[in-house]
Amino acid sequence: MADLDALRSRFVRALEGARGPAGGPDPVPYADNLLARWREPQRRYHTLTHLTAVLDHVDTLETYAADPDVVRLAAWFHDAVYLPDRSENEERSARLAERALPEAGLSGPRTAEVARLVRLTVTHDPDDDDRDGQLLCDADLAILAAPPSTYAAYTAAVREEYHFVPNDAFREGRADVLRRLLALPRLFRTPYGEREWEATARYNLRAELDLLTA
């Protein structure tokens with residue numbers, strides 16, 4: 001079970017770090033709003049467990065970041081709006097960041113960067129010089145390189161989120177996602193991700209695709 005107090009503290013540190021000495025209003029209500037969103041009942045994979053994992057991966061990769069606290073805020077917002085039957089979750093999450101973060105005291109440029117990073121998780125295909133985009137995308141995709149039992153639990157949770165989709169349609173749609181990911185020249189863009197996660201992730205994706213298309 002996620003440690004809500006620890007997560008709340010992590011959000012407070014990220015927001016305070018990103019907004020700098022100018023400060024702003026109490027971060028806790030903003031943290032609590034996000035924590036409530038990540039605990040909504042329709043979620044099975046995109047839960048506080050996923051949020052915690054992404055934040056942990058950001059911490060692991062932070063030396064590659066241009067602005068680590070902005071990446072952390074983007075991690076908090078990247079699936080803050082999540083309805084499995086809607087296709088615009090990333091856009092709505094980015095717009096939530098654009099509304100909430102200026103009110104919370106974040107500068108306009110940094111708010112825009114958070115929103116840009118959130119939108120980037122639609123494709124997970126950052127530019128070669130986009131260090132923060134590479135870091136967030138790597139952190140979000142790190143589940144693909146999980147050990148077999150964890151990867152199986154991830155795929156089962158994704159299927160539960162899409163329980164309303166008939167089996168044949170789900171298998172076809174999921175296979176298309178896997179093929180798109182496998183077609184990327186690299187799944188991971190940070191040196192750590194490419195070294196530690198790439199080969200395992202591609203093995204997991206190919207194994208899942210074989211099962212879906214057998």
Side-chain angles (χ1 to χ4, degrees), residues 1-4 6-8 10-11 33-61 72 74-94 96 117-125 136-182 184 187-188 193 196-214:
M1 183 174 293
D3 184 334
L4 296 181
L7 281 168
R8 189 178 293 111
R10 292 175 84 164
F11 178 84
N33 178 274
L34 288 165
L35 289 168
R37 290 174 177 274
W38 282 90
R39 296 165 73 193
E40 291 166 343
Q42 75 276 13
R43 298 169 182 260
R44 293 296 183 272
Y45 169 65
H46 295 88
T47 63
L48 289 176
T49 300
H50 172 58
L51 171 62
T52 302
V54 173
L55 292 170
D56 288 347
H57 293 312
V58 171
D59 288 349
T60 297
L61 300 170
R72 290 185 178 96
W76 274 91
F77 278 94
H78 84 285
D79 283 320
V81 177
Y82 190 77
L83 295 171
D85 60 341
R86 303 286 289 272
S87 61
E88 68 278 12
N89 290 310
E90 293 88 355
E91 178 61 29
R92 294 177 70 206
S93 296
L96 176 66
L117 292 171
V118 170
R119 291 184 173 103
L120 190 59
T121 62
V122 175
T123 61
H124 294 100
D125 192 14
L136 179 64
C137 289
D138 278 17
D140 193 28
L141 292 182
I143 183 63
L144 302 181
S149 61
T150 304
Y151 188 85
Y154 149 68
T155 60
V158 170
R159 181 65 183 106
E160 286 181 33
E161 283 187 339
Y162 288 90
H163 63 87
F164 53 88
V165 179
N167 282 333
D168 287 348
F170 178 82
R171 289 164 69 92
E172 182 178 344
R174 179 68 180 173
D176 285 344
V177 170
L178 299 177
R179 291 188 188 100
R180 177 176 62 79
L181 289 169
L182 286 166
L184 292 173
L187 290 165
F188 300 102
E196 300 293 334
W197 297 334
E198 183 81 19
T200 302
R202 287 189 177 276
Y203 174 85
N204 285 336
L205 291 172
R206 290 190 191 99
E208 184 186 358
L209 183 59
D210 287 345
L211 285 173
L212 290 172
T213 57

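- Between R43 atom CZ and T49 atom OG1 the span is 12.0 Å, to the nearest 0.5 Å.
- Using a distance-only test at 3.5 Å, with no hydrogens or angles considered, no donor-acceptor pair links the side chain of R39 to the main chain of L34.
- Looking only at distances, no side-chain donor or acceptor of T200 sits under 3.5 Å from a matching main-chain atom of W197.
- For the atom pair L212 CG and R179 CZ, the distance stands at 8.5 Å (nearest 0.5 Å).
- Remark: the backbone N or O of N89 is not paired with any side-chain donor or acceptor of R86 at under 3.5 angstrom.
- Taken from CG in L51 to CG in D79, the straight-line distance is 9.0 Å, to the nearest 0.5 Å.
- At distances below 3.5 Å, at least one donor-acceptor pair connects side-chain atoms of T213 with backbone N or O atoms of L209.
- Residues S93 and A80 share a closest heavy-atom pair of OG-N, 3.5 Å.
- Relative ring orientation between Y162 and F170 is described as tilted, the plane-to-plane angle lying within the 30° to 60° band.
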| Derivation and outcome, side-chain contact (heavy atoms from CB on, under 4.5 Å), residues L187 and L205 | CA-CA 11 Å; L187 290 165; L205 291 172; 3.7 Å; yes
| request: For the pair L136 and H57, evaluate side-chain contact (heavy atoms from CB on, under 4.5 Å) and give the outcome as yes or no after the intermediate values. | output: CA-CA 9 Å; L136 179 64; H57 293 312; over 6 Å; no
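- The CG atom of D176 lies 11.0 Å from the CG atom of L181; values are rounded to the nearest 0.5 Å.
- The closest donor-acceptor contact from the side chain of Q42 to the backbone of L83 lies at 3.5 Å or more, if one exists at all.
- Contact check for D138 versus V58: no side-chain heavy atoms found under the 4.5 Å cut-off.
- By the side-chain hydrogen bond (donor to acceptor under 3.5 Å, both in side chains) test, R171 is found to be paired with no residue, residues two or more places apart in sequence or in another chain being considered.
- Closest of all the heavy-atom pairs between R202 and E198 is NE-OE2, 2.7 Å.
- Contact annotation: the side chain of L55 approaches that of L7 to within less than 4.5 Å [non-hydrogen atoms, C-beta and beyond].
- Distance alone, capped at 3.5 Å, is enough to place a donor-acceptor pair between the W38 side chain and the W76 backbone.
- Among residue pairs with one or both ends in residues 203-214, those qualifying as salt bridge (Lys or Arg N to Asp or Glu O under 4.0 Å) are R174-E208; sequence neighbours excluded.
- Here R119 pairs with E91 in a salt bridge; the nearest charged N to carboxylate O distance falls below 4.0 Å.
- Atom CD of E172 has 12 or fewer neighbouring heavy atoms from other residues, nucleotides or ligands inside a 6.0 Å radius.
- For F77, the ring pair (Phe, Tyr, Trp, His ring centres under 6.0 Å) test picks out no residue, with sequence neighbours left out.
- The shortest distance between side-chain heavy atoms of C137 and F188 does not fall below 4.5 Å.
- Distance alone, capped at 3.5 Å, is enough to place a donor-acceptor pair between the E161 side chain and the R44 backbone.
- The nearest pair of heavy atoms linking L117 to A74 is CB-CB, 3.7 Å.
- R10 is linked by a side-chain hydrogen bond (donor to acceptor under 3.5 Å, both in side chains) to D56, D59, counting only residues two or more places apart in sequence or in another chain.
- Y154 meets the ring pair (Phe, Tyr, Trp, His ring centres under 6.0 Å) test with Y45, Y151; sequence neighbours excluded.
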For a quick test of your reading: what N or O donor-acceptor pairs under 3.5 Å do the side chains of residues 139-149 make, sequence neighbours left out?
from	atom 1	to	atom 2	distance (Å)
D140	OD1	H50	NE2	3.1
D140	OD1	H78	NE2	3.2
D140	OD2	H124	NE2	2.8

| request: Show your reasoning for whether side-chain contact (heavy atoms from CB on, under 4.5 Å) applies to D85 and V165. | output: CA-CA 9 Å; D85 60 341; V165 179; over 6 Å; no
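- Using modelled atom types, no side-chain atom of E90 and backbone atom of L120 make a donor-acceptor pair closer than 3.5 Å.
- Remark: side-chain polar atoms of D3 are paired, donor with acceptor, to backbone N or O of A6 under 3.5 angstrom.
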